[in-house]
Number of protein chains: 2
Amino acid sequence: MEDRKKRILQAIIDDYVLTAMPVGSRTISRKYLMNLSSATIRNEMSDLEELGYLEQPHVSAGRVPNAKAYRLYVDALLEEGPKPTREDEELRQKYLNRVSHLEDVVASTAQALSDFTHYASLVMMPRQEQMRIATLQLVPVTRALALLVIVTDGGVIRDTMVRVSEDLDADALYAISRMLSERLSGKTLKEVQSLLKDYADHAPGDPQVLSGIMELSGQMEKQAAADNLTVSGSHNILGFPEYHDAEKARQLLSALEDKDRLMSLVHGTGGLELMVHIGPETGIPEMTECSVALAEYRVGQGKRGAIGLIGPTRMPYARVLGTLRLVSRALTGVLGGEEDAE
Amino acid sequence: MEDRKKRILQAIIDDYVLTAMPVGSRTISRKYLMNLSSATIRNEMSDLEELGYLEQPHVSAGRVPNAKAYRLYVDALLEEGPKPTREDEELRQKYLNRVSHLEDVVASTAQALSDFTHYASLVMMPRQEQMRIATLQLVPVTRALALLVIVTDGGVIRDTMVRVSEDLDADALYAISRMLSERLSGKTLKEVQSLLKDYADHAPGDPQVLSGIMELSGQMEKQAAADNLTVSGSHNILGFPEYHDAEKARQLLSALEDKDRLMSLVHGTGGLELMVHIGPETGIPEMTECSVALAEYRVGQGKRGAIGLIGPTRMPYARVLGTLRLVSRALTGVLGGEEDAE
DNA sequence: GTTAGCACTCTCATTGGTCGAGTGCTAACG
DNA sequence: CGTTAGCACTCGACCAATGAGAGTGCTAAC
């Protein structure tokens, strides 16, 4: 595509991002490309429409950029890499002085992110399967119930109740814990499951505990795949003119509450630091008019989570991606992922 | 107030709950109280307006019931007690076969509640301060960090990282855990704090651990007051005609994300099983046009949490309260509170 | 005390007309 | 040949006028 067409398309996108109104040829000629007349712009716009980058709501309205247009724009963006703005710096400052649980850090990051950008934000915790067990301990709760606490290398804690035989006292549980802990540390959950199967034969511990752990690890795997995705600040969605229609907004918001479907979206982040799903690319019908920008963060060795922002397709992608990249790097830094912050 | 006035007011409320439109005298005379003419109703309505139960959006619209009207209605309702409907039974069935962590049970209850009723739902976890410690255990995480797990009598688990001196190995930590556990079990968090102060003098354990626990219990108290309130299904709000205006909806939704303010609302449930805040009674400006119905549930001895539904003031209070009561009782049952389910 | 009837008020949806923004096309220009 | 000026045309937004409908308050009769 000729350079001029690109510049015009860019101008249209910029203006549309700003105003959320169809952009006319005259606007472009006056505000963006003063050396060209509106008639010329009209011709080019007509071409761009034919190429599939623009759409016209009705015959005498301006043009509106397309998913295809944003995609072109974003792809260029992703290559050169956005640079942080002053606001980003502020956000970064605000947040660098906290150290705590993974859950808390990530959740409050999401909160801050949505408060700050006025978009809805999304957080996916790292998938638990990939985590390796650091320690494991049984804490007695009642005579027949114990809490199995598993600490993983990323500082993530998981726990579930397991039923234990009644004649095990605290000391016995501790002994079992130590033994299991020694043998299982460094393993992933998947490995634990198969290991335990063999193990059950030689059965040096309480068989009930073993089966408890078996059940737990299965349960944890299931839990790992669900639940660890949260959306916050979804009310920000309502601030956008494209969602002034209550019914539309309702549909989007309920789609955002359906974690399972969102999950599949976030999953597709095949190893890229930044990525964007534009409109229909999300694959979720209710989300054809909005985009999801995602950034990956890391915890420990190679465990990946994601944070993201959700807004109308008409997002200021450069800004949004810049902020996300910054925050995800800071997260990775704070959480001891292998990549350096900044 | 005369019985007839009450009946008319009731009819107005019923119709308004159904239609969300101002109710005229003719409607009442034809649909609800066929033995009275519209003129009579008009006279009564005029009286009711003077008494402060009704309002007129404009001179020739019908009447709209007031917070005061709903209050009268709900008070009567609370006395006689609503009865469960078929739908309630269905909800109850759906949910009786789960046993798990407090957090999970309560959260999924909230989810189910909002899905089912199509209102936004709210859950408050029991205040942690009131909880008594059952066991306490230190789980080593790294050389210098341990996870302090506190199990309370209600099966609620809290944990935080504490820094421990590097020359304590797992066994030493266990020994400390046992000792602390023995001395602290049965105490509330408040008590632990003051106890530890005295305790620090005789210092039989690692002083670092002690100060860690001190810090933690303070932290937990703070945490207890925040964070344990969640709202789900808020998208349902957008389904109501009174929130078809995007700006209004946005304000309400952001108010619902402000846990602190909501907290104060829920707190006022001074020991009643059911309660309702109608419109301005909520004390939250953004919520003058909606009501919050709350029901209490119990965990262990005397620890109280709350579940609730949030909708427009024009809620079908009888249904809503019935459902809430049912669910809260079931919750209390499942979670081993002292009151019996059903 | 209740009701029928009537005049009055106010909202809402409809209609028609105007305005302005924006397009596409054509013809002229460098 | 690309660019531009000009013009006719289209379409939505806005406005005012209009009329129907819903609902009220009041009065007088039952």
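Just so it is clear, the values below take in all heavy atoms, side chains as well, and ignore hydrogens, waters and symmetry mates. Every chain is numbered from 1 and lettered A, B, ... according to where its sequence line falls, protein lines coming before strand lines.
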Expressed in angstrom and rounded to an integer, what is the separation of E44(B) atom CD from dG1(C) atom C1'? 10 Å
In the structure I gave you, are the side-chain heavy atoms of E281(A) and R71(A) within less than 4.5 Å of one another anywhere? yes
Could you check whether D258(A) pairs with R261(A) (Lys NZ or Arg NE/NH1/NH2 to Asp/Glu carboxylate O, under 4.0 Å)? yes
Residues 229-254 of chain B vs ring pair (Phe, Tyr, Trp, His ring centres under 6.0 Å), sequence neighbours excluded, gives Y119(B)-F240(B)
What is the distance, to the nearest angstrom, from the NZ atom on K31(B) to the C1' atom on dG23(D)? 16 Å
Sequence neighbours excluded, every pair satisfying ring pair (Phe, Tyr, Trp, His ring centres under 6.0 Å) that has a member inside residues 20-76 of chain A: Y70(A)-Y317(A)
Report the distance from atom CD1 of I8(B) to atom C1' of dG1(C), rounded to the nearest whole Å. 13 Å
Give a yes or no on whether a salt bridge exists between R329(B) and E296(B), defined as a side-chain N under 4.0 angstrom from a carboxylate O. no
Quick one: closest heavy-atom pair of R314(B) and V17(B), and the distance? NH1-O, 2.6 Å
Measure CE/M21(B) against P/dC10(C) and give the value in whole Å, please. 19 Å
What one-letter contact string describes nucleotides 12-26 of chain C from 5' to 3', where B marks a base within less than 4.0 Å of any protein heavy atom, S marks contact via sugar-phosphate atoms alone, and - marks no contact? ---------BSBB--
Name the stems with DNA chain D in them: runs of three or more consecutive Watson-Crick or G-U pairs, distances under 3.5 Å? C:1-30 with D:1-30
Partner residues of E247(A) under the salt bridge (Lys or Arg N to Asp or Glu O under 4.0 Å) criterion, sequence neighbours left out: R250(A)
Using the test ring pair (Phe, Tyr, Trp, His ring centres under 6.0 Å), find all partners of Y16(B) that sit at least two apart in sequence or belong to another chain. none
